[in-house]
**Student:** 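There's a structure below that I have some questions on.
Counting from 1, the numbers follow the sequence of the chain as shown.
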Amino acid sequence: MTEPRVLSGAPAAAHLLERAVSIMSTLPNKPHLHVIRLGEDPASVSYVRLKDQKALEIGMDSTVHALPENTLESELLTLISRLNRDPRASGILVQLPLPKHINESLVLEAVSPDKDVDGFHAVNVGKLWSGGEGLFPCTAAGIIEMCKFYGIALEGMSVVIVGRSNIVGKPLAALMLRENATVTVAHSRSKNLAEVTRGADVLVAAVGRAGLITPEMVREGAVIIDVGVNRVVLEGKNRLVGDVQKAAYARAGAYTPVPGGVGPLTVSHLLLNTAIAAQRLLEG
Ligand code: GUN
């Protein structure tokens with residue numbers, strides 16, 4: 001058996017950033033990304049810092065609104081409304097998860113669809129599924145770009161996505177359909193999961209459970225996209241692992257490692273979305 005190809009995220013992510021920078025070079029002003037975070041969830045703090053740093057690194061303006069955990073829903077809505085009306089604000093992202101006292105869907109729907117760089121607003125979700133142009137969720141869109149970057153054909157392929165979240169699984173299903181893949185979405189209630197996943201030419205694991213995908217669940221030579229980011233303690237050390245067991249990668253034709261696979265694509269696509277949003281806002 002030949003060694004599987006490792007699909008590293010960094011070069012694909014760099015390619016997306018080049019596209020963002022190229023769009024920015026045509027604009028009269030720098031795009032300005034606004035990220036809103038409530039509370040101090042360590043994963044959210046670290047993700048938001050990364051978004052802010054990368055934005056600044058490529059020459060965008062970036063503001064992080066770090067609000068206390070007990071911020072009122074009405075205060076959050078007021079901030080979003082102010083940013084919606086601010087012509088210099090190009091992109092607005094509300095980091096999830098939100099504290100329990102906040103109605104998440106109310107907040108996501110409050111963001112102007114034209115500035116919704118996460119692609120979570122119902123208008124963008126509708127455009128995603130109906131084939132229109134909009135802003136689409138960053139991890140899912142990043143995965144499609146990564147497949148294109150590495151020359152992984154999707155048309156006519158059997159793509160099995162394990163996980164049905166609004167952030168990854170569902171939008172990826174829509175984007176894969178737009179690429180003419182044959183799409184199956186499996187989840188925690190799916191029967192005979194191994195049988196379903198063994199039918200995959202491209203297997204996407206996006207559940208958030210370490211080791212969920214075992215070697216028996218992978219067809220020999222399949223492409224594995226591992227979206228899981230799970231913090232586990234291994235041999236007394238904190239480690240990041242995906243949803244796919246290491247032994248299962250060995251059966252694949254190609255796979256995305258964790259860390260270093262899909263991860264960098266999310267932030268790069270966010271910045272590409274922000275540049276696109278800034279361009280469209282200018283064009284009206
Ligand atoms: N939390 C985990 N992933 C994401 C994401 O893509 N966007 C936002 N806003 N929050 C998240």
**Student:** Answer whether the closest heavy-atom distance between the side chains of L67 and R37 falls below 4.5 Å.
**Tutor:** no
**Student:** May I ask you to say whether E133 pairs ionically with R280, meaning some side-chain N is under 4.0 Å from a carboxylate O?
**Tutor:** yes
**Student:** Give a yes or no on whether R178 atom CZ has more than 12 heavy-atom contacts from other residues, nucleotides or ligands under 6.0 Å away.
**Tutor:** yes
**Student:** Can you find a heavy atom in the side chain of D52 that is under 4.5 Å from one in the side chain of V35?
**Tutor:** no
**Student:** Should L76 and V107 count as side-chain neighbours, where that means a heavy-atom distance under 4.5 Å?
**Tutor:** yes
**Student:** Would you tell me whether T63 and H32 have side-chain atoms, one donor and one acceptor, within less than 3.5 Å of each other?
**Tutor:** yes
**Student:** Determine whether the side chains of R82 and T78 contain a donor N or O and an acceptor N or O closer than 3.5 Å.
**Tutor:** no
**Student:** Spell out, as yes or no, whether a donor-acceptor pair under 3.5 Å connects the side chain of D86 to the backbone of R88.
**Tutor:** yes
**Student:** Nearest 0.5 Å, what's the CD1-CG distance between I161 and L203?
**Tutor:** 10.0 Å
**Student:** So which heavy atom on L135 is nearest to which on A277, and how close?
**Tutor:** CD1-CB, 4.2 Å
**Student:** Considering residues, nucleotides and ligands other than H65, do more than 12 of their heavy atoms fall under 6.0 Å from its NE2?
**Tutor:** yes
**Student:** Quick check on E235: does its CD atom have over 12 non-hydrogen neighbours (other residues, nucleotides or ligands) under 6.0 Å away?
**Tutor:** no
**Student:** How far apart are the closest heavy atoms of I224 and A248, and which atoms are they?
**Tutor:** CD1-O, 3.7 Å
**Student:** Could you check whether R251 pairs with E216 (Lys NZ or Arg NE/NH1/NH2 to Asp/Glu carboxylate O, under 4.0 Å)?
**Tutor:** no
**Student:** Give a yes or no answer on whether the side chain of K115 reaches the backbone of A89 with a donor-acceptor pair at less than 3.5 Å.
**Tutor:** yes
**Student:** Looking at R198 and E195, is there a salt bridge between them, counting it only when a charged N and a carboxylate O are closer than 4.0 Å?
**Tutor:** no
**Student:** Side-chain contact, heavy-atom cut-off 4.5 Å: L93 with I36?
**Tutor:** no
**Student:** Are V223 and L7 packed together at the side-chain level, in the sense that at least one heavy-atom pair is separated by less than 4.5 angstrom?
**Tutor:** yes
**Student:** Find out whether P171 and F136 are in side-chain contact, i.e. whether some heavy atom of one side chain is under 4.5 Å from a heavy atom of the other.
**Tutor:** no
**Student:** Could you grab the distance from atom CD of E104 to atom CG of N166, nearest 0.5 Å is fine?
**Tutor:** 8.0 Å
**Student:** Would you indicate whether the side-chain heavy atoms of K148 and E179 approach each other to under 4.5 Å?
**Tutor:** yes
**Student:** What's the separation between atom OG in S90 and atom CG in D114, rounded to the nearest 0.5 Å?
**Tutor:** 11.5 Å
**Student:** I need the L38 CG to N70 CG distance, nearest 0.5 Å.
**Tutor:** 9.0 Å
**Student:** Let me confirm one number: the CD1-CG distance from I102 to L96, rounded to the nearest 0.5 Å.
**Tutor:** 11.5 Å
**Student:** Ignoring hydrogens and angles, write down the donor-acceptor pairs under 3.5 Å from the side chains of residues 252-270, residues two or more places apart or on other chains.
**Tutor:**
| residue | atom | partner | partner atom | Å |
| --- | --- | --- | --- | --- |
| T256 | OG1 | D226 | N | 2.8 |
| T266 | OG1 | T139 | OG1 | 2.8 |
| S268 | OG | A13 | O | 3.3 |
| S268 | OG | P264 | O | 3.1 |
| H269 | ND1 | N273 | OD1 | 3.4 |

**Student:** Output yes when D201 and R219 qualify as a salt bridge under the 4.0 Å nitrogen-oxygen rule, no when they do not.
**Tutor:** yes
**Student:** What residues, two or more places apart in sequence or in another chain, satisfy salt bridge (charged side-chain N to carboxylate O under 4.0 Å, His left out) together with K170?
**Tutor:** none
**Student:** Atom CG in L272, atom OG in S22: separation rounded to 0.5 Å?
**Tutor:** 9.5 Å
**Student:** Under 3.5 Å, is there a donor-acceptor pair between the side chain of E109 and the main chain of L106?
**Tutor:** no
**Student:** Is D243 reaching over with its side chain to a backbone N or O of G208, donor-acceptor style, under 3.5 angstrom?
**Tutor:** yes
**Student:** State, with a plain yes or no, whether a side-chain heavy atom of K30 is found less than 4.5 Å away from one of M60.
**Tutor:** no
